[in-house]
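The structure appears right after this line, and notes come after that.
For the numbers below, each heavy atom of this structure counts, side chains included, while hydrogens, waters and symmetry mates do not.
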Amino acid sequence: HSRDHNWLDRIVIGLTAPVQSLLEGSVDGVTGMWSDYFYLVGVREENRKLKIANRKLQRELSERSEETFENQRLRALLQMQRKTPQVKYVVGEVISISPNPLFRSIRINQGSSDGLVEGLAVINEAGVVGRVKAVTAYYADIILLVDANNSLDIVVQRTRARARVRGSGDDRFMGIQVERLARTAKVEPGDVLATSGVGDRFPSGIPVGQVTSVKKSKFGLYQEVTIEPTVDFGQLGSVMVVMDTGSLVVPEPEETVSE
């Protein structure tokens, strides 16, 4: 009987071995599949954490860059104040920009409670920004120099030739055009135009723009000059309102250029 039993065992083993191998292979396959799944879940979670950390680092870098830019701007404002110690300023932060292309203006967080009145000059570290147009207790609207309703007496710093600039901005462009610069006046590309201080509330010598091209005709009283504003009117942050120019305003003579 034991011999028959051994014979039967061999038959059973022979018949079940392939099935057992198949089952073991299936189990191993399922186990491997679950291992791969958990591995992928782990990788996905790690990627998610890395993305969060990356966004946090980018945000911190952006904030630090903004702080650096703001510190540089404030240092430049302070340097401007040191250059003109006799001039009294009130520093304001831009809180909004007018969306109307026909009226180029900004609003700052200083108003009549801080001593502001209409007509005061507004500058920043780069040059002339505009004038105070309207005032409430805590806010003021500044009409920018690039607005077509704004104009200003200027001089060519190198030669002291006099002229006038006027805003020429429209819905696509913010610029300044030069008016009434005598055809005989000496001016060339690279020259800086600055406030004259004549009959105005702007201290003299504040940059307005740099000459980019000059065109002199054989006839006529004036020459055509194009300039690039020294102020970036699309990136205004902090500005200085000129409260008192000290002795930097020159009395306006009778023969001054009129609007």
For [X] versus [Y], what's the shortest heavy-atom pair and its separation?
| X | Y | answer |
| --- | --- | --- |
| V214 | P189 | CG2-CD, 4.0 Å |
| A185 | A161 | CB-CB, 3.7 Å |
| F219 | R183 | O-CD, 4.0 Å |
| T159 | K186 | OG1-O, 2.9 Å |
| V117 | V132 | O-CG1, 3.4 Å |
| F202 | G130 | CZ-O, 3.2 Å |

Please report the interatomic distance [atom1]([X]) to [atom2]([Y]), rounded to the nearest 0.5 Å.
| X | Y | atom1 | atom2 | result |
| --- | --- | --- | --- | --- |
| Y139 | S112 | OH | OG | 12.0 Å |
| R164 | I154 | CZ | CD1 | 10.0 Å |
| N149 | I143 | CG | CD1 | 5.0 Å |
| N124 | Q235 | CG | CD | 11.5 Å |
| L120 | M243 | CG | CE | 5.5 Å |
| S196 | L152 | OG | CG | 6.5 Å |

Cluster check [X], [Y]: I/L/V/M/F/W/Y, side chain < 4.5 angstrom:
| X | Y | value |
| --- | --- | --- |
| V135 | I95 | no |
| I227 | V192 | no |
| V90 | V128 | yes |

Answer yes if the side chains of N150 and R131 hold a donor-acceptor pair under 3.5 Å, and no otherwise.
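Result is yes, a qualifying pair exists.
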Given side chains that start at C-beta, do those of L145 and V231 come closer than 4.5 Å, heavy atoms only?
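They are not in side-chain contact.
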Taking side chain as C-beta onward, heavy atoms only, is V242 less than 4.5 Å from P203?
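Of all side-chain heavy-atom pairs linking P203 with V242, at least one is under 4.5 Å.
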Passes side chain to side chain contact (heavy atoms under 4.5 Å, CB included), E188 versus R158? Steps please.
CA-CA 10 Å; E188 60 188 37; R158 182 176 61 86; 3.5 Å; yes
Quick one: hydrophobic cluster around V155, which other residues, with the 4.5 Å side-chain cut-off, linked directly or via members?
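The other cluster members (ILVMFWY side chains, heavy atoms under 4.5 Å, direct or chained): none.
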If you count heavy atoms of other groups shown closer than 6.0 angstrom to NZ of K216, is the number above 12?
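Above 12, so yes.
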Give the intermediate values and the outcome of side chain to side chain contact (heavy atoms under 4.5 Å, CB included) for residues V239 and I123.
CA-CA 6 Å; V239 299; I123 65 175; over 6 Å; no
Which residue, L236, I106, D147, forms the side chain to side chain contact (heavy atoms under 4.5 Å, CB included) with I142?
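So the option named by the test is I106.
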For the backbone of [Y] and the side chain of [X], can you confirm whether one donor and one acceptor N or O come within less than 3.5 Å of each other?
| X | Y | value |
| --- | --- | --- |
| Q210 | G190 | yes |
| T195 | I206 | yes |
| N109 | G92 | no |

According to side-chain hydrogen bond (donor to acceptor under 3.5 Å, both in side chains), does anything in residues 222-232 pair up with another residue at least two apart or in another chain? List the pairs.
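Those involving residues 222-232 are T212-T226, S213-T226.
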Worked verdict on I108 versus L116 for side chain to side chain contact (heavy atoms under 4.5 Å, CB included)
CA-CA 11 Å; I108 63 173; L116 272 64; 4.0 Å; yes
Please determine whether a side-chain nitrogen of the Lys or Arg among K133 and D141 lies less than 4.0 Å from a carboxylate oxygen of the Asp or Glu.
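Result for this pair is no, no salt bridge flagged.
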Given V129 and L144, is the side chain to side chain contact (heavy atoms under 4.5 Å, CB included) satisfied, shown in steps?
CA-CA 6 Å; V129 173; L144 302 178; 3.7 Å; yes
